[in-house]
Number of protein chains: 2
Amino acid sequence: MGTVSKALSLLDFFSRSQPEIGLSELTRASGLNKATVYRLLSDLQIHGFVEQTGARAYRLGPAVLRLAAIREATVPMRQIVQATLDRLSDTTGETSHLAQIQGDRLVTLAYAYSPAHGTAVRMEDAAVTPFHATATGLAVLAFAGPAFCDRRLAQPLPAFTPDTPTDPADIRARLGRIRASGYSESVGGFEADVHSLAVPLFDATACIGAVAVATPKSRMTPALRARIIAALFDAAHDIVALWGGFLPDELQRLWVDAV
Amino acid sequence: MGTVSKALSLLDFFSRSQPEIGLSELTRASGLNKATVYRLLSDLQIHGFVEQTGARAYRLGPAVLRLAAIREATVPMRQIVQATLDRLSDTTGETSHLAQIQGDRLVTLAYAYSPAHGTAVRMEDAAVTPFHATATGLAVLAFAGPAFCDRRLAQPLPAFTPDTPTDPADIRARLGRIRASGYSESVGGFEADVHSLAVPLFDATACIGAVAVATPKSRMTPALRARIIAALFDAAHDIVALWGGFLPDELQRLWVDAV
DNA sequence: CTGGGTTGGTTCATTATTCAAACCGTTGGT
DNA sequence: ACCAACGGTTTGAATAATGAACCAACCCAG
């Protein structure tokens with residue numbers, strides 16, 4: 001294994017559950033010699049990739065912030081998921097879209113249509129959509145953490161259609177079912193004749209959005225529904241890989257069970 | 001120069017003005033042999049630190065996003081600037097604070113008091129402050145780009161004191177002077193007896209906030225004002241270094257001229 | 001159409017760098 | 001006081017990295 005690879009692989013041991021690691025712990029985890037680990041850490045430290053906290057631990061350094069900002073400016077998340085959404089729409093024959101939390105709002109970041117039918121659910125760029133009334137919004141509420149969810153459900157929950165859930169207790173029950181299944185579903189919750197399925201997306205630390213497929217109610221069948229769910233799982237894996245994010249192990253287990 | 005240092009130093013050539021670089025260009029810029037650069041890029045690519053775009057250029061890869069997210073979760077910006085704000089307040093004997101753009105708002109992220117006097121300008125955690133009426137807000141308006149500035153000035157500009165600037169043309173003139181001097185000043189613009197000075201802060205791509213010192217009007221003197229301005233420049237350097245950001249060269253020239 | 005200059009990419013004998021066993025001083029627990 | 005952990009250091013031997021020379025592909029001026 002090359003020297004550069006050894007050094008970079010040390011960085012991979014840092015995670016959100018273990019953001020600080022000591023020299024001896026890294027030695028054990030990596031299987032490298034302690035002198036080797038020390039020297040590699042020193043090189044990484046000189047370039048700002050790690051920094052030492054106190055006398056007994058290392059953590060990731062500020063250089064990664066600068067590079068991430070350049071990467072983000074170069075390849076905005078929207079652009080790099082477009083190909084994945086195009087494939088998702090081709091696979092399912094329906095409209096796909098991706099929504100992301102931006103502050104207190106859920107914003108449609110990207111979408112794709114399929115040419116498979118003369119009609120399709122129509123999307124709008126940068127549309128702000130409600131959390132409680134959409135499949136993407138419900139996926140986010142289910143997985144973005146209790147504080148976020150409580151804040152959302154404490155705000156007014158207007159009805160957009162006769163089928164919009166507006167009772168916080170009812171919505172919480174649905175969120176429980178979404179957490180149990182790993183995906184969300186909205187039938188006419190935001191637009192009367194639209195049936196949507198969605199799964200949550202995570203960056204390295206938290207749920208930050210969701211990816212969905214929307215179909216006219218009249219076109220949804222049990223077979224299409226199953227195909228959409230499987231395709232959403234694949235798309236979510238691809239998107240978080242591109243984003244440098246993660247999918248919680250328990251969520252992936254739910255997805256395996258659902259296919 | 002060690003192999004790991006060579007590889008990491010290649011990453012430093014990527015910038016917001018040059019986010020994509022070819023193999024031969026990197027060879028010229030780094031002074032290394034093309035075969036060496038190629039092999040180092042391959043190692044970086046295997047670990048996700050760079051990726052190839054098309055056939056002729058490389059750019060930073062998704063691994064930096066994951067590491068930056070871990071770093072951000074570990075060391076939130078607020079925590080790491082607190083020590084700098086403490087020193088800024090000690091140096092000036094007055095209240096210092098840092099505000100950051102969050103969507104369409106300016107939010108106080110951190111602040112520090114000085115024990116030098118019995119009275120001090122009081123701050124609030126997570127306070128949302130107006131752009132047009134505060135020194136931090138004016139610093140951000142001046143340096144955050146015309147689109148951002150136009151959007152802000154197109155919104156209502158309420159008066160908080162008789163000294164609040166509310167005429168967009170007047171504010172634009174002030175912003176011109178701020179750009180010429182490199183720092184902003186508000187005298188009673190938001191609270192009647194507060195005199196504040198601020199400088200903008202940048203991440204790797206844009207102005208994202210400002211750092212300020214606020215003093216009761218009655219305590220400001222020419223000597224204190226000069227000391228505050230110099231201390232703000234030092235604090236800004238420290239903060240953007242911690243954040244993996246940058247300060248535009250022309251802004252630093254203005255600051256050198258102002259001291 | 002052709003030749004020249006650029007590009008990304010490859011090879012392998014030589015050389016520079018890395019490696020890791022053995023060691024050090026410090027700290028904390030028993 | 002002793003022991004086991006920690007971070008950190010040294011240096012002769014071993015290994016990985018180096019880079020001159022080369023390749024194929026592409027682009028453009030003549």
Side-chain angles (χ1 to χ4, degrees), chain A residues 1-15 17-64 67 70-71 74-75 80 83, chain B residues 1-15 17-64 67 70-71 74-75 80 83:
Chain A
M1 193 194 213
T3 306
V4 174
S5 289
K6 283 175 180 170
L8 299 180
S9 71
L10 289 183
L11 295 176
D12 289 336
F13 290 103
F14 293 94
S15 67
S17 58
Q18 197 176 21
E20 298 188 2
I21 313 178
L23 172 64
S24 298
E25 180 60 33
L26 264 177
T27 297
R28 284 191 291 274
S30 66
L32 298 170
N33 183 276
K34 183 147 60 82
T36 301
V37 173
Y38 183 75
R39 206 170 23 77
L40 296 173
L41 280 178
S42 295
D43 285 340
L44 290 165
Q45 190 165 5
I46 286 165
H47 292 268
F49 283 78
V50 301
E51 64 186 16
Q52 199 166 3
T53 61
R56 289 185 164 265
Y58 292 82
R59 69 186 175 197
L60 292 166
V64 296
L67 295 178
I70 293 166
R71 161 80 184 182
T74 306
V75 187
I80 63 181
Chain B
M1 192 191 213
T3 306
V4 174
S5 289
K6 284 175 180 171
L8 299 180
S9 70
L10 288 183
L11 295 175
D12 289 335
F13 290 104
F14 293 94
S15 67
S17 59
Q18 197 175 20
E20 298 189 2
I21 314 177
L23 172 65
S24 298
E25 179 61 35
L26 265 176
T27 297
R28 283 191 292 275
S30 66
L32 298 170
N33 185 276
K34 182 144 60 83
T36 301
V37 173
Y38 183 77
R39 218 172 3 82
L40 295 173
L41 280 177
S42 296
D43 285 341
L44 290 166
Q45 190 165 6
I46 285 165
H47 291 270
F49 283 79
V50 300
E51 64 186 16
Q52 198 166 3
T53 61
R56 289 184 162 265
Y58 291 83
R59 68 186 176 198
L60 291 167
V64 296
L67 296 177
I70 294 167
R71 160 81 184 181
T74 306
V75 187
I80 63 180

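Because the structure is predicted, anything quoted here is derived from the model rather than measured. Chain A is the first sequence line, chain B the second, and so forth, proteins listed ahead of strands; every chain is numbered from 1.
- The OH atom of A:Tyr58 sits 7 Å away from the C1' atom of D:dG7 (whole-angstrom rounding).
- For residues 34-46 of chain B, proximity to DNA chain D is found at B:Ala35, B:Thr36, B:Arg39, defined as any non-hydrogen atom under 4.0 angstrom from a strand atom.
- Counting only heavy atoms from C-beta outward, the side chains of B:Phe49 and B:Leu67 approach each other to under 4.5 Å.
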message: Test side chain to side chain contact (heavy atoms under 4.5 Å, CB included) on A:Tyr58 and A:Gln45; report intermediate values, then the result.
response: CA-CA 9 Å; A:Tyr58 292 82; A:Gln45 190 165 5; 3.7 Å; yes
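- Counting only heavy atoms from C-beta outward, the side chains of B:Lys34 and B:Val37 never approach each other to under 4.5 Å.
- Put simply, the residue from A:Leu41, A:Leu60, A:Leu40 that forms a side-chain contact (heavy atoms from CB on, under 4.5 Å) with A:Leu11 is A:Leu60.
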task: Carefully, step by step, assess A:Phe14 and A:Val50 under the rule side chain to side chain contact (heavy atoms under 4.5 Å, CB included).
output: CA-CA 10 Å; A:Phe14 293 94; A:Val50 301; 4.2 Å; yes
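- Residue-level contact check: B:Gln52 touches the backbone only, with heavy atoms under 4.0 Å from sugar-phosphate atoms and none from bases.
- The shortest side-chain heavy-atom distance between B:Asp12 and A:His47 falls under the 4.5 Å cut-off.
- For DNA chain C, the span of nucleotides reached by chain B at under 4.0 Å from its heavy atoms goes, 5' to 3', from C:dT7 to C:dT18.
- Atom NZ in A:Lys6 sits 11.0 Å away from atom OG1 in B:Thr3 (nearest 0.5 Å).
- Taking both residues in full, the closest heavy atoms of A:Leu44 and A:Ala7 are given as CD1-O, 3.6 Å, listed atom of the first, atom of the second, then distance.
- Projected onto DNA chain D by closest heavy-atom contact, B:Leu32 and A:Leu23 fall at different nucleotides, the more 5' of which corresponds to A:Leu23.
- The nearest heavy atom of DNA chain C to B:Gly2 and to B:Ile21 marks one nucleotide each, and the one closer to the 5' end goes with B:Ile21.
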